[in-house]
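Protein chains get the first letters and strands the later ones, always in sequence-line order, with residue 1 at the start of each.
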Amino acid sequence: MTVIQEFEKHPLAKYLRAERFPHIWCEGCGDGIILHCFVKALDDLAVDIDKFVVVSGIGCIGRAAGYVKCDSFHTTHGRPIALATGIKLANPKLTVAVLSGDGDLFAIGGNHFIHAARRNVDLTVICSNNFNYGMTGGQSGPTTPLDSYTTTTPYGNIEHPFNLVHLAAAAGSVYVARWTVLHVRRLAESIKKALRKKGFKFIEVISPCPEIYGRRNKLGKAIDIMKLYRQISEIRHGYDPAKAEITREKIVVGEFIDIEKPTYGELLQKQFIKIQQKLSEG
Amino acid sequence: MTVIQEFEKHPLAKYLRAERFPHIWCEGCGDGIILHCFVKALDDLAVDIDKFVVVSGIGCIGRAAGYVKCDSFHTTHGRPIALATGIKLANPKLTVAVLSGDGDLFAIGGNHFIHAARRNVDLTVICSNNFNYGMTGGQSGPTTPLDSYTTTTPYGNIEHPFNLVHLAAAAGSVYVARWTVLHVRRLAESIKKALRKKGFKFIEVISPCPEIYGRRNKLGKAIDIMKLYRQISEIRHGYDPAKAEITREKIVVGEFIDIEKPTYGELLQKQFIKIQQKLSEG
Amino acid sequence: MSASRLLTPVVKRKKLADVEWNVIEDFCKGCSFCIEFCPVDALEESDRLNAKGVHPPKLKSEDACIGCGLCETLCPDFAIYLEKKEGKGDKE
Amino acid sequence: MSASRLLTPVVKRKKLADVEWNVIEDFCKGCSFCIEFCPVDALEESDRLNAKGVHPPKLKSEDACIGCGLCETLCPDFAIYLEKKEGKGDKE
Amino acid sequence: MVSQREVLTGKHLMQGDVACAEGAIAAGCKFFAGYPITPATEIAERMARRMIEVNGMFVQMEDELASMAAIIGASWAGAKAMTATSGPGFSLMQENIGLAVMTETPCVVVNVMRGAPSTGQPTEGAQQDVMQSKWGSHGDYSIIALAPASVQEMFDLTIECFNLAETYRAPTFLLADGFTGHLWERVVIPSPEEIKIVERKKPVVSPDKYMPFKPDEDLVPPMACFGEGYCVHVTGLTHDELGYPKTTDPKVQHKLVNRLCEKMRKNANRIVRTYESMLEDAEVAVIAYGIPSRASLNAVKKARESGIKAGLLRLVTVWPFPEKQIEELATRVNAIVVPEMNCGQIVREVERVAKETPVHLLSKIGGELHSPSEIFEAIRRAAGI
Amino acid sequence: MVSQREVLTGKHLMQGDVACAEGAIAAGCKFFAGYPITPATEIAERMARRMIEVNGMFVQMEDELASMAAIIGASWAGAKAMTATSGPGFSLMQENIGLAVMTETPCVVVNVMRGAPSTGQPTEGAQQDVMQSKWGSHGDYSIIALAPASVQEMFDLTIECFNLAETYRAPTFLLADGFTGHLWERVVIPSPEEIKIVERKKPVVSPDKYMPFKPDEDLVPPMACFGEGYCVHVTGLTHDELGYPKTTDPKVQHKLVNRLCEKMRKNANRIVRTYESMLEDAEVAVIAYGIPSRASLNAVKKARESGIKAGLLRLVTVWPFPEKQIEELATRVNAIVVPEMNCGQIVREVERVAKETPVHLLSKIGGELHSPSEIFEAIRRAAGI
Amino acid sequence: MRVEIRIGGFGGQGIIRTGLILATASCVFGDKNAIQSASYGPESRGGRCKSEVIISDEDIDFPKVEQPDILVIMSQEAYVGYVDDLKENGILLVDPDLVPNQRKDLKAKIYEVPAAKIAEGLGKKIVANVVMIGAFAAITNLFDVGQMKESIKRNVPKAFLELNLTAFEKGYEHGKNIITVKAS
Amino acid sequence: MRVEIRIGGFGGQGIIRTGLILATASCVFGDKNAIQSASYGPESRGGRCKSEVIISDEDIDFPKVEQPDILVIMSQEAYVGYVDDLKENGILLVDPDLVPNQRKDLKAKIYEVPAAKIAEGLGKKIVANVVMIGAFAAITNLFDVGQMKESIKRNVPKAFLELNLTAFEKGYEHGKNIITVKAS
Ligand SMILES: Cc1ncc(C[n+]2csc(CCOP(=O)(O)OP(=O)(O)O)c2C)c(N)n1
Ligand SMILES: Cc1ncc(C[n+]2csc(CCOP(=O)(O)OP(=O)(O)O)c2C)c(N)n1
Ligand code: SF4
Ligand code: SF4
Ligand code: SF4
Ligand code: SF4
Ligand code: SF4
Ligand code: SF4
Ligand SMILES: [Mg+2]
Ligand SMILES: [Mg+2]
């Protein structure tokens, strides 16, 4: 039995392009867990995989699109949300999820994020936040904590990071949550909830990049980072996202926003019916 | 006496490129008032105009950079803040203000806005929010209210607008205020305060575009829009920006955020001193 | 909500500064903000049709303006300015 | 804060499901998440060195695993999976 | 009923931009994403009004990067998709144009060219982005570009753009100019049955056998769209025929990129369209595209009247460049005149293939059109008279 | 003290990207804005470490659009400024490259080219963005581009890029490739006094007489920077010599844009640098630039050994294109071979000016370098042997 | 036969619509070819504004007006800007109230149409352009009046159709009067 | 004289640093020219990794290794991938513990250096590459030992300098032993 044949016995392998495994991610990289929770959510929901699309950008986590066994698009860096918007609006029958990194979604892609959230396009966006650009070898990014070391902050970072959940809420997301990759069950549940809900949903996942960010900031091995998560995470559902901090001492996780607001698609549908009526009358 | 000579007797004419007046803005356009309050603030503060730079993007208000008599840059559409960041960081002795429109700063330029706010670069950003793209003839934009009519929302707008002050706060601005152009004195004071403060400061100015947005949405003439502002504005200093609404019935104005946070320049300076010390030691 | 809540309150009719009120007629585009929002209602449309085809404002009477400066700042077209009257004391 | 607060609490040592625990040894990169976070401490490093040069986990004893599934989901490399044991009733 | 709304059969006085929008709708366009910009805005504005009427989708995006990304997404979701812009926006689209090329995504990009570089002259027409449309994105690639010379052609060629995009799975450009975009002129719209529409080639094998980037004989792979059960992976990375990234194998890159270029070269004779007037015995040839073609025709007639054997080769297709036609023409004429509303772009391509035959550029920028007499003068000079 | 830190005089084994960063610092670069991208990231990383040491400014921006905008701003604030990227980022910079051209902003953009189009082959070197560097932004314009062939030249030519950018007030490109960028090789850095540095030309008139866009004889206007009391207005719109927008007057556009293009043409003989080897009596000429120059030299030597009269023209300057040199060369040789790590870009320019002389492209993509023997074979074939 | 027409005024007078009405009449309701192009700066609404119409029996190869055969002028600024371009002995229609200063030496057939005043008489200054169109129709005889009315119908909002048709009639009348006067 | 060297292994073994140490020794501390280039995929850290060094007395015009004169192999995968490229009768240095399966038919001078084991003996697996460098120096005689040590100094972190120098010595010794054995 080849290792791939062995893998095909994994209950989630049917959602994955088995022939492309093992994946490229490093030992203890959180991206594998995110992918795992994601396909687990698909499995639990028994989604119609033929009508499901995964879009991602460029970055380590960006490779996820190439692992999920459904229609998928690995876009240019920063553009997954804009492209996903096109997919969703052109064919509303498709369920579209975006999996990408903190750099892809919030550095180069920040504008598309806030605008899709504002429009309340029906997308589920999952961000692997590893506090740096893993793929290009560990530069700082918009979530890198102050004073952290990266290859472009060799003396410590002087840029204040975004609070992604606050930004997402301010831009208009109807569902905003944060987990660490240690919270596998809650994360999977959160993804399920997001996939079932209509509108622009955002889940931030704090994810270790032991190989690069962890090493440079002396966080120990992957397992040490996971233990740190265990130690400093605090679940606070419904917390004001403005106050949901990520510091060396505390990571506030939970569901922060869960509201109802008409989606772009719904408002359009209403308008469409009105116009079609008018046209058929006149 | 030519009209330009006459204009030169205007106490603020010395801050303006008189030969380029009268300006291009329509009758009753709020942009003239914003420019007026802006140069009034410069005058009140007696700024060193040789060390003062105005940057703007493309749009009606974008022309402001060409009217102020100081070093000024009329950038490509959407890029004033990125360009201003370069100016300010390359020569910290300059005071840099950005004047631009809702489309320029928040549609195409949205990413630069949130990132400069995050970095807390020392810039004063003033947005003329006229709820549409005036320069190109009145298309919808990221602040266009739901159901409004524009040339690209002929059946009414279905996109939720941004709450700019909320977004600015979430991205990290240290000073966030909103005024209408009717609040000339408060606006001028607000601009003065922002110019004196360090860090990324943001002032949203609700401004009539009677010629295009006003006409298409049957808001009456410019004066009617001004009267509406008088009627529905509510000053609420310190209000939670998340709740500072703009509706047909109410415009919440005031200073919402005024906090202290080390700027990019300050943190850099600290780091610089540390490194220089190390270098001169070893 | 009244204008006085929005704008710096002025003591009605009390002269604030001894100034001369000027209009650059050919800059005026006729929005009438100055006329509408003058706290002492000192302005009205003049008869003159300027180059832009509108009637610029004028003082209702020489004494009407109390020099609050609001119309100057509110004018989107920089068409109004006040000049300190030289050598004259406070009128009050 | 303990793992049990973060993760779905499991009743200590109580068999949750009757499953077979499997590891795809050559997928394992040796992060040891499974070993560390197993709520009943059922796993340990095996002696075998796999293709990646690491020691994949193994069950400490055949009976150790209570089938909670946590290690399966936590494994970043899809190296672990549980299989329902066919035809067998609940062991309890 | 639907077709009536989709095709406004009849005689109209229409603005160029509007005719373009109507052409798109007639071609079956069901998705438009855009961002306003003079002088292309009217296309978006028309689409905003019309798409909903024909059960299509209009969305105004936050910028041109997003617009281009959105139409790529829409195209993979199965819709014929278009965006429209002018120079500054076209520059911003370049990265994703490369993505469309690499992922072989059929889509139409309209560039209503205005005075440039940079913000330039927003309200003046120009032809300054012709080379950019071939070379603007990084890397080697090929696209198709057509240049309309009338409002009627804003309609006709937009349809042709869609047909070519769908046939060859490539971003296809309508290189219009601000003058034509804002021009009002008569447009005659045929009935729906008379309009030739091409739909994209679909896979004929079952999903498990389908290789999304394996080409047929014509070098174009059949295209399965999202939601059709083919489980396609699409990436801008260098990929094999299955669509999977293979970024360090030179052979994979070689095969893929050469095919992307060859696709147009091999099919050039089917893609390229030119019009010839009075070229049979011509000694001086004018080679023109877009709006200067009109004054050129007039000038050529004038030249004939004054006894100069002049003729006109009008390029409807600018890219792929009609090399063969011009190479052949160059061997027959004594001189070539190329009027362009730029500082000399297509003239370089003409020079390249015309070899020894003297080529005279007649450059014009700033917003004015070439007048027939200017072109006539150039013909006269070229004829050595 | 400062100069020691700014110029690392001595012999080093250095990576190409690092040498580029050190060249920039030696040239007086005081501002770097960038965004990471393989294979150019190491330039940013070096700058992050080094700028603060030399009292310069490093900032990592949110993307490449912002990076390009920031260096334009920094340049107007008085700093020598640079950014570095690869293809995808270069595409994103195009709009603001146009702005730099239009506003005549001296600045240096390094493109460490990788396999393309689109995301392509991030870790493989290529020369696929050569035409893009001339045509990537909308409109007619001209820039300067140099192609290094060694790590030493990554250092030397970066300095030259700065000098040219400051002399001609134009964005200037270092067109490096991923192979050279990641190559480690010996670099000898001279002492500061031996490095020729050019500073931008300043106005010699008082602020009230100064016209920021009125050129001197050399077509380059003196540049007053922000904060110097000259009260300059800068716009990407078509502008007069005072810098004020004049967007509907064809004459203003004509004068401005033609000067922007002419600036490089007129000064070409001072800008263009080529190296010739064994060309005096050559019958076959190899024309190469960048890294293939090295194998070409080897191949030409081999050819000579085997009795073929071959020679090498190496283009250090790619843009402005060394037309005169090549035109002249073409009249002397029987055939030209152009090895490029793309599908054929500069070869088109060579064809254009070489007229009847046969030109043979030797294309190579995917990441491998041309081997000397491949080029030798091409020479042999071209020589008809 | 190719006729080149230029209409000049300022933004807000309906200059471009005027051009469109003429062009529609000839090429949609008539069987001539027609073209309308307009020019305006990016910077202003309310500035100088120009519409050019070419009407021709043949294909219109060159789509720009080089020397208008007919010039319609509705502002002083437009007068100054365009009057020199008029073909020798071309037709000039001008609103004398809007163009107080006219040149004496002009070689042209000049027709003064107080369109603005007539329109004000109808209660809506804004229809001055249609008054001018009426006069144009009467003076030039280039159009079939029925086609012209169809064109107006297509180009103005329904609510204002009556008003516009009246304006057209008034202008037409005025035009007829002038030629009669001139002819006599 | 031009010598082409390829070093192959997997990420994390210090393959690239090995190349850099060789190149630095020759071109910074020696007076030869040298070039180092490496190749790695975008996707993996820990995958196959290759460093190529060219050392020459003359200018190095062609900067790529076409057929290595010397091959240093530190993993089975690299062995399989590169062994065929070795010039006939070239030198192969190989860690036999990391490359359990070697071909029998190879036409090369093969030197087995158990670098990993020697390094483990020193307490740090990570210095296996420097052990290999030591052996390399002894076997090839391409470098001056003093220059080599200077190069190591420049290329390793200060804290580990001693360890690395010891590793070098151990490797050098081992190398000398092999050649003596081979020679005898
Ligand atoms: C336009 C462009 N700029 C830069 C890059 C290089 N790049 C690839 S991935 C990446 C950052 C990825 O960071 P993130 O999104 O956080 O993903 P991670 O690798 O950390 O999972 C960058 C800068 C690119 N591919 N395209
Ligand atoms: C890249 C690019 N896209 C589009 C445009 C066209 N454009 C110019 S101004 C503008 C919108 C301006 O809106 P806003 O910033 O709100 O300013 P306003 O005119 O309303 O004051 C647009 C879309 C452009 N100049 N460049
Ligand atoms: S570099 Fe970091 S984020 Fe990327 S795969 Fe490795 S551990 Fe994960
Ligand atoms: S279009 Fe609107 S925003 Fe622009 S100048 Fe006129 S009124 Fe002001
Ligand atoms: S506010 Fe200014 S523009 Fe408006 S009416 Fe008064 S003077 Fe005229
Ligand atoms: S300054 Fe103006 S607003 Fe104030 S009182 Fe005088 S006229 Fe009125
Ligand atoms: S969690 Fe997976 S990869 Fe990690 S040690 Fe366990 S089996 Fe191996
Ligand atoms: S399933 Fe895994 S985590 Fe759960 S008890 Fe068994 S071994 Fe432990
Ligand atoms: Mg990341
Ligand atoms: Mg606006």
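Environment of NZ in G:Lys170: sparse, with no more than 12 heavy atoms of neighbouring residues, nucleotides or ligands closer than 6.0 Å. Annotation for G:Lys153: atom NZ does not count as buried by contact number, only 12 or fewer foreign heavy atoms lying within 6.0 Å. Under a cut-off of 6.0 angstrom, the local environment of CG in G:Asn177 is crowded, with over 12 non-hydrogen atoms contributed by other residues, nucleotides or ligands. Counting heavy atoms of neighbouring residues, nucleotides and ligands inside a 6.0 Å radius, atom CG of G:Asp59 does not exceed 12 of them. Atom NZ of G:Lys87 is surrounded by more than 12 heavy atoms from other residues, nucleotides or ligands within 6.0 Å. Within 6.0 Å of atom NZ in G:Lys117, 12 or fewer heavy atoms from other residues, nucleotides or ligands are found, so the atom counts as exposed in its surroundings.
Residue-level contacts of residues 365-377 of chain E with chain G, in order of numbering, are E:Leu369, E:His370, E:Ser371, E:Pro372; threshold 4.5 Å between heavy atoms.
Both the backbone and the side chain of G:Ala23 come within contact range of chain E, each with at least one heavy atom under 4.5 Å from a heavy atom of that chain. Neither the backbone nor the side chain of G:Ile54 comes within contact range of chain E; no heavy atoms are under 4.5 Å apart.
In this structure, CZ on G:Phe62 lies 12.5 Å from OG on E:Ser293, to the nearest 0.5 angstrom. How far CH2 of E:Trp184 is from CD1 of G:Ile16: 9.5 Å, rounded to the nearest 0.5 Å. Interatomic distance, G:Ser37 OG to E:Glu185 CD, rounded to the nearest 0.5 Å: 10.0 Å.
The greatest number of non-hydrogen atom pairs below 4.5 Å with chain E, out of G:Ser26, G:Cys27, G:Gly19, is found for G:Cys27.
Closest approach of G:Val28 to E:Leu13, counting heavy atoms only: CG2-N, 3.4 Å. G:Arg154 approaches E:Lys11 most closely through the heavy-atom pair NH1-O, 4.3 Å. For the residue pair E:Arg186 and G:Lys32, the shortest heavy atom distance occurs at NH1-O, 3.4 Å.
At a threshold of 4.5 Å between non-hydrogen side-chain atoms, the residues G:Pro63 and E:Arg294 count as touching.
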